[in-house]
Enquirer: 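First the structure, then my questions, so here it is.
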Amino acid sequence: NFIEIIGDRFSSTVKEILHLAKLIKANVSLENISINEVEKRNSLALKTPTSTLPFLETKDGAISESRAIEYYLCTKYKPEFLGDKEFGRAKVNQWIEFATHEINECNQAIIYPIFGWNNFCKESFDKCSTKIKDHLKILEKELSQNEYITGKE
């Protein structure tokens with residue numbers, strides 16, 4: 001099976017996709033395109049419906065946006081990761097959305113300055129650190145009641 005991720009290996013979304021691919025034993029390769037390779041990035045982005053990187057290139061075409069890529073990989077290699085029945089699938093999606101919109105929103109203030117992608121701002125860092133701690137308490141509470149995010153499986 002031909003499946004390749006096109007994106008920057010230092011991107012948090014690429015790292016997340018690659019981690020999932022390893023976890024579900026998906027045969028995925030990476031074409032590393034540095035954030036500094038602007039012309040090449042722009043050219044490759046035209047292959048995707050959204051003109052964004054990273055994207056997944058498959059024999060059926062390109063899929064962009066990290067959550068869509070992860071959904072595709074799970075559907076193909078490990079559908080049980082998406083939950084069973086409607087309620088289980090909705091709970092999995094609920095926590096993915098929670099991580100995406102609540103936890104990841106602080107990346108720019110906390111993680112990006114480490115890589116030199118943003119300037120460090122102590123006020124934003126402190127505010128986001130508090131938010132992440134609060135969000136992780138919510139997640140910990142859920143996980144303390146269940147072996148997995150959707151229960152026992």
Side-chain angles (χ1 to χ4, degrees), residues 1-33 35 41-42 44-115 117-118 124-153:
N1 290 347
F2 169 76
I3 301 179
E4 184 174 47
I5 297 170
I6 290 77
D8 188 331
R9 68 186 171 124
F10 294 113
S11 159
S12 60
T13 53
V14 169
K15 286 182 177 284
E16 188 177 300
I17 293 165
L18 290 172
H19 176 72
L20 174 68
K22 183 177 179 181
L23 185 66
I24 63 176
K25 296 176 175 54
N27 187 16
V28 173
S29 61
L30 170 67
E31 181 179 343
N32 182 43
I33 307 299
I35 198 158
R41 290 175 66 84
N42 291 341
L44 284 168
L46 295 175
K47 291 177 140 186
T48 75
T50 58
S51 296
T52 57
L53 271 71
F55 69 93
L56 189 71
E57 195 164 44
T58 74
K59 64 180 178 58
D60 297 318
I63 300 169
S64 55
E65 302 305 320
S66 58
R67 301 302 166 254
I69 293 167
E70 291 166 355
Y71 180 82
Y72 172 84
L73 291 173
C74 279
T75 301
K76 183 171 180 65
Y77 291 95
K78 202 87 163 161
E80 60 271 25
F81 272 29
L82 299 172
D84 66 338
K85 301 181 184 170
E86 295 83 12
F87 187 75
R89 287 189 294 273
K91 282 203 64 146
V92 168
N93 195 48
Q94 166 190 289
W95 290 107
I96 289 171
E97 291 295 314
F98 179 78
T100 300
H101 298 293
E102 306 303 331
I103 295 172
N104 286 350
E105 103 176 80
C106 292
N107 283 350
Q108 291 183 353
I110 296 174
I111 297 170
Y112 286 17
I114 293 169
F115 292 107
W117 299 338
N118 267 3
S124 294
F125 177 86
D126 290 344
K127 180 180 173 186
C128 284
S129 293
T130 300
K131 282 176 85 172
I132 282 183
K133 287 174 187 174
D134 292 342
H135 293 320
L136 291 176
K137 285 177 189 173
I138 292 168
L139 187 57
E140 179 61 32
K141 180 181 175 191
E142 181 71 17
L143 288 170
S144 71
Q145 298 168 9
N146 297 300
E147 192 169 340
Y148 298 99
I149 215 71
T150 59
K152 296 185 187 230
E153 295 184 37

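Because the structure is predicted, anything quoted here is derived from the model rather than measured.
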Enquirer: Show the nearest heavy-atom pair for residues Gly7 and Leu53, with the distance to one decimal.
Expert: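 Answer, listing the atom of Gly7 first, then Leu53: CA-CD2, 4.2 Å.
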
Enquirer: Which heavy atom of Ala109 sits nearest a heavy atom of Pro113, and at what distance?
Expert: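 Distance-wise, the nearest heavy atoms are O-CG, 3.5 Å.
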
Enquirer: About how many Å separate CG of Asn104 and OG of Ser12, when rounded to the nearest 0.5 Å?
Expert: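 It comes to 6.5 Å.
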
Enquirer: Apply salt bridge (Lys or Arg N to Asp or Glu O under 4.0 Å) to residues Glu140 and Lys133 and explain how you reach the verdict.
Expert: CA-CA 10 Å; Glu140 179 61 32; Lys133 287 174 187 174; over 6 Å; no

Enquirer: Decide yes or no for Lys76 and Ile3: does some side-chain heavy atom of the first lie under 4.5 Å from some side-chain heavy atom of the second?
Expert: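 The answer is yes; the side chains approach within 4.5 Å.
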
Enquirer: Before accepting this row, confirm whether a basic side-chain N of the pair Glu105/Lys131 lies closer than 4.0 Å to the acidic partner's carboxylate O.
Expert: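 Salt bridge flag = yes for Lys131 with Glu105.
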
Enquirer: Do Ile138 and Phe98 touch side chain to side chain, with heavy atoms closer than 4.5 Å?
Expert: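 Yes - at least one pair of side-chain heavy atoms lies under 4.5 Å apart.
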
Enquirer: Any side-chain heavy atom of Ile17 sitting closer than 4.5 Å to one from Glu70?
Expert: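 Contact flag for Ile17/Glu70 side chains = yes.
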
Enquirer: Might you point out which heavy atoms bring Lys47 and Phe55 nearest each other, and give the distance in Å?
Expert: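 That closest heavy-atom pairing would be CD-CZ, 4.0 Å.
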
Enquirer: Taking all atoms of both residues into account, what is the closest heavy-atom pair of Pro54 and Ile69, and its distance?
Expert: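 Nearest pair, atom of Pro54 first, then Ile69: O-CD1, 3.9 Å.
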
Enquirer: Do the non-hydrogen side-chain atoms of Asp8 and Arg41 ever get within less than 4.5 Å of each other?
Expert: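 Side-chain contact under 4.5 Å: yes.
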
Enquirer: Does Tyr71, at its OH atom, have more than 12 non-hydrogen atoms belonging to other residues, nucleotides or ligands within less than 6.0 Å?
Expert: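 Check fails, neighbour count at 12 or below.
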
Enquirer: Hey, could you give me the OG1/CZ distance between Thr13 and Phe10, rounded to the nearest 0.5 Å?
Expert: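 The OG1 atom of Thr13 sits 13.5 Å away from the CZ atom of Phe10.
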
Enquirer: Enter the distance from Thr48:OG1 to Leu46:CG here, rounded to the nearest 0.5 Å.
Expert: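 Reported to 0.5 Å precision, the distance equals 8.0 Å.
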
Enquirer: Please lay out, stage by stage, how Lys78 and Glu80 fare under the test side-chain contact (heavy atoms from CB on, under 4.5 Å).
Expert: CA-CA 5 Å; Lys78 202 87 163 161; Glu80 60 271 25; 3.3 Å; yes

Enquirer: Just by distance, do the side chain of Asn118 and the backbone of Tyr112 share a donor-acceptor pair under 3.5 Å?
Expert: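 Flag not set: sc Asn118 to bb Tyr112 has no pair under 3.5 Å.
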
Enquirer: Before you tell me yes or no, could you show the steps for Glu65 and Thr52 under side-chain hydrogen bond (donor to acceptor under 3.5 Å, both in side chains), namely the whole-Å CA-CA distance, both residues' side-chain angles and the distance that decides it to 0.1 Å?
Expert: CA-CA 7 Å; Glu65 302 305 320; Thr52 57; 3.0 Å; yes

Enquirer: Is the closest side-chain heavy-atom distance between Leu73 and Leu56 below 4.5 Å?
Expert: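 Yes, their side chains come closer than 4.5 Å.
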
Enquirer: May I ask you to test the Ile110-Ser129 pair for a side-chain heavy-atom distance under 4.5 Å?
Expert: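 With C-beta onward as the side chain, the pair touches.
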
Enquirer: Heavy atoms, side chains only, cut-off 4.5 Å: are Leu30 and Glu4 in contact?
Expert: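 No - every pair of side-chain heavy atoms lies 4.5 Å or more apart.
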
Enquirer: List the atom of Leu18, the atom of Ile5, and the distance in Å for their closest heavy-atom pair.
Expert: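 Closest approach of Leu18 to Ile5: CD2-CD1, 3.7 Å.
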
Enquirer: May I ask you to test the Glu142-Trp95 pair for a side-chain heavy-atom distance under 4.5 Å?
Expert: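 With C-beta onward as the side chain, the pair touches.
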
Enquirer: What are the two closest heavy atoms between Val14 and Arg9, and how far apart are they?
Expert: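 In terms of heavy atoms, the two residues are closest at CG1-CA, 4.1 Å.
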
Enquirer: In Å, rounded to the nearest 0.5 Å, how long is the span from CD of Glu16 to OG of Ser11?
Expert: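 Rounded to the nearest 0.5 Å, the CD-OG separation comes out at 9.0 Å.
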
Enquirer: Drop me the distance from Ser64's OG to Ile6's CD1, to the nearest 0.5 angstrom.
Expert: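 So the OG of Ser64 and the CD1 of Ile6 are separated by 11.0 Å.
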
Enquirer: How long is the straight-line distance from CD1 of Ile33 back to CD1 of Ile35, given to the nearest 0.5 Å?
Expert: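 Answer rounded to 0.5 Å: 12.0 Å.
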
